[in-house]
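Take a look at the structure set out below.
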Amino acid sequence: MSIMQNVNTSRLIMLSIAGAIAGFLVFLVINPGMVREETLSIPDRPGDVLMSAIMLGASFAALLSGILAAADEFTSPPKRVITKMAIAVPIGAVAGAFGGIFGQFAFSAMILTTPGLGIFVGRTIGWAVMGAGGGVGVGFAMGSWQRAKMSMLGGLIGGGAGGILFDVTSIITHGGSASRFIGFILMGAATGAAVAFVDEIAKQNWVTVLSGPKEGRSFIITKPTTTIGRDELADIPLFGDPNVTKQHAYLLMQDNNVSVQSASGVVVSVNNSPTQSATLKDGDLLGVGRFHLRFNQKAELAVKAASQPQQRWSDVQSTPQPTMQPYSAPQQTVVQPVAMGNLVLTAVGGPHMNQKFQFGPGSVKIGREAGCQILLAQDTMVSRNHAEITWNGSGWIIRDLGSTNGLWARGQRANEQALQIGDQIGIGQTILRVDSI
């Protein structure tokens with residue numbers, strides 16, 4: 001398998017460009033002071049040299065991490081972008097300042113111990129540490145310590161590559177502003193590309209959005225609990241569908257298993273089948289409101305996960321989940337009253353959320369066809385004539401009419417089912433609850 005097969009090249013290009021922009025801004029901030037020192041022939045004092053290293057490291061890492069965080073949220077609302085930048089910039093500035101100090105000491109030590117070659121090695125080490133500072137800032141903004149470690153490694157590689165490129169440029173341009181201009185931009189681009197590349201090749205589990213404003217965007221799963229919803233700070237934000245709640249669903253990761261769990265009162269679909277909870281396999285399709293997402297897992301991890309017992313949500317309740325209510329499967333021993341007489345179906349999930357359908361004894365069709373009494377035209381997963389509810393004289397029966405995506409009742413796929421009050425029927429992405437009038 002090619003190492004580039006699962007790499008999101010558009011993200012790599014985006015972060016490379018963002019890094020180049022950060023390098024250009026660093027040049028605008030740092031270069032005037034350096035030109036002044038060169039013009040006035042100000043002698044290098046240890047305190048001034050160290051302060052310059054701190055300023056360079058802090059400004060580069062802060063700008064780099066902030067701009068990379070903004071680029072990674074390019075299609076998000078301003079509030080989310082600002083929040084991510086507010087996390088990345090101060091962390092990057094502090095890490096970059098320490099990187100500048102460390103880099104200056106390494107630079108000085110190499111010059112003293114290895115004249116000639118030392119200046120190149122020392123600069124490479126120093127800039128690598130500054131790049132790592134920028135990487136750790138954007139990694140934390142992405143949401144986890146695991147991402148921060150991967151981004152820090154990418155920044156280390158990119159910063160080191162930028163240091164080498166800087167010295168090559170300096171030789172070609174004979175130093176001065178031209179070499180700094182080209183060198184800072186190359187360092188920023190190399191760091192941005194390396195952060196994206198390392199992040200991508202190290203990913204184990206990820207979700208790709210297949211529809212909506214974030215179509216094509218991948219979200220790497222590294223946290224025990226990953227939130228999906230309309231909340232601007234959700235780990236996987238889905239905007240534009242009012243049927244998606246602020247925290248609609250959760251991806252729960254334990255060992256080699258990733259499962260999806262819907263929040264209380266809503267549902268998700270897995271491979272077009274409505275569910276409250278399911279363990280995911282590589283290639284599974286998730287439905288959240290009108291959005292579709294694909295879950296992927298690295299091949300070796302997928303094989304390992306398949307060899308382990310499947311876990312239910314109730315098996316992993318030891319992981320703290322303060323913001324969600326675990327789903328409890330209906331107790332099969334509870335006898336529900338049989339649905340009699342006039343009936344109401346209430347949409348409790350999907351595109352027709354809160355819509356009610358009332359009818360009396362007879363035959364009622366459900367589908368997207370205009371003649372259906374229960375018209376679910378907004379649900380693209382519903383067939384034209386999907387199902388039929390019929391009064392048989394003693395109760396209501398629902399039957400599948402050969403639909404593409406099937407009929408679900410009481411959490412099970414069914415061709416025919418007698419209805420009871422409180423039953424939930426899954427048709428496409430719509431969940432209908434059986435109520436009495």
Side-chain angles (χ1 to χ4, degrees), residues 8 10-29 55 57-97 99 130-152 154-155 158 188-189 191-193 195-196 199 206-207 209 212-223 225-242 244-248 250 288 291 323:
N8 186 338
S10 61
R11 180 170 181 260
L12 191 148
I13 293 170
M14 173 75 79
L15 294 194
S16 298
I17 295 171
I21 293 171
F24 174 68
L25 294 176
V26 170
F27 170 79
L28 294 180
V29 172
M55 286 184 61
S59 59
F60 172 72
L63 285 168
L64 179 69
S65 57
I67 292 174
L68 292 184
D72 214 38
E73 297 290 343
F74 183 68
T75 59
S76 297
K79 180 181 177 181
R80 182 179 175 89
V81 175
I82 292 170
T83 301
K84 294 293 185 180
M85 291 182 70
I87 296 170
V89 169
I91 294 175
V94 173
M130 284 192 298
V136 75
V138 71
F140 272 113
M142 290 172 182
S144 72
W145 171 237
Q146 182 67 22
R147 298 291 297 279
K149 288 191 293 185
M150 292 299 100
S151 297
M152 183 168 59
T191 304
V195 166
D199 205 30
W206 67 98
V207 168
V209 181
K214 291 188 177 293
E215 182 176 347
R217 169 74 188 275
S218 291
F219 295 89
I220 302 172
I221 303 167
T222 58
K223 296 162 57 176
T225 301
T226 299
T227 58
I228 306 175
R230 196 156 39 89
D231 192 322
E232 289 177 327
L233 299 181
D235 297 313
I236 303 177
L238 300 175
F239 306 115
D241 184 355
V244 176
T245 62
K246 285 197 169 185
Q247 293 197 356
H248 196 99
Y250 307 87
V288 180
F291 298 103
T323 60

Which pair of heavy atoms, one from [X] and one from [Y], lies closest together, and at what distance?
{"X": "M85", "Y": "P90", "answer": "O-CD, 4.2 Å"}
{"X": "A88", "Y": "A69", "answer": "CB-CB, 3.9 Å"}
{"X": "A22", "Y": "I67", "answer": "CA-CD1, 3.7 Å"}
{"X": "L64", "Y": "G19", "answer": "CD1-CA, 3.8 Å"}
{"X": "F60", "Y": "G188", "answer": "CE1-CA, 4.2 Å"}
{"X": "T225", "Y": "Y250", "answer": "CG2-CD2, 3.9 Å"}

Supply the atom-to-atom distance [X] [atom1] to [Y] [atom2], rounded to the nearest 0.5 angstrom.
{"X": "I220", "Y": "W206", "atom1": "CD1", "atom2": "CH2", "result": "9.0 Å"}
{"X": "I17", "Y": "L12", "atom1": "CD1", "atom2": "CG", "result": "10.0 Å"}
{"X": "L68", "Y": "S16", "atom1": "CG", "atom2": "OG", "result": "9.0 Å"}
{"X": "T245", "Y": "L238", "atom1": "OG1", "atom2": "CG", "result": "10.0 Å"}

Side-chain contact test, heavy atoms from C-beta onward, threshold under 4.5 Å: evaluate it for I236 versus T227 and give yes or no.
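Sidechains of T227 and I236: no contact.
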Is the shortest side-chain heavy-atom distance between D235 and I228 below 4.5 Å?
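The answer is no, as the side chains (C-beta and beyond) never meet within the 4.5 Å cut-off.
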Salt bridge flag under 4.0 Å for residues R80 and E232:
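E232 and R80: not salt-bridged.
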N-O pairing of D241 and R230 below 4.0 Å:
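Salt bridge absent between D241 and R230.
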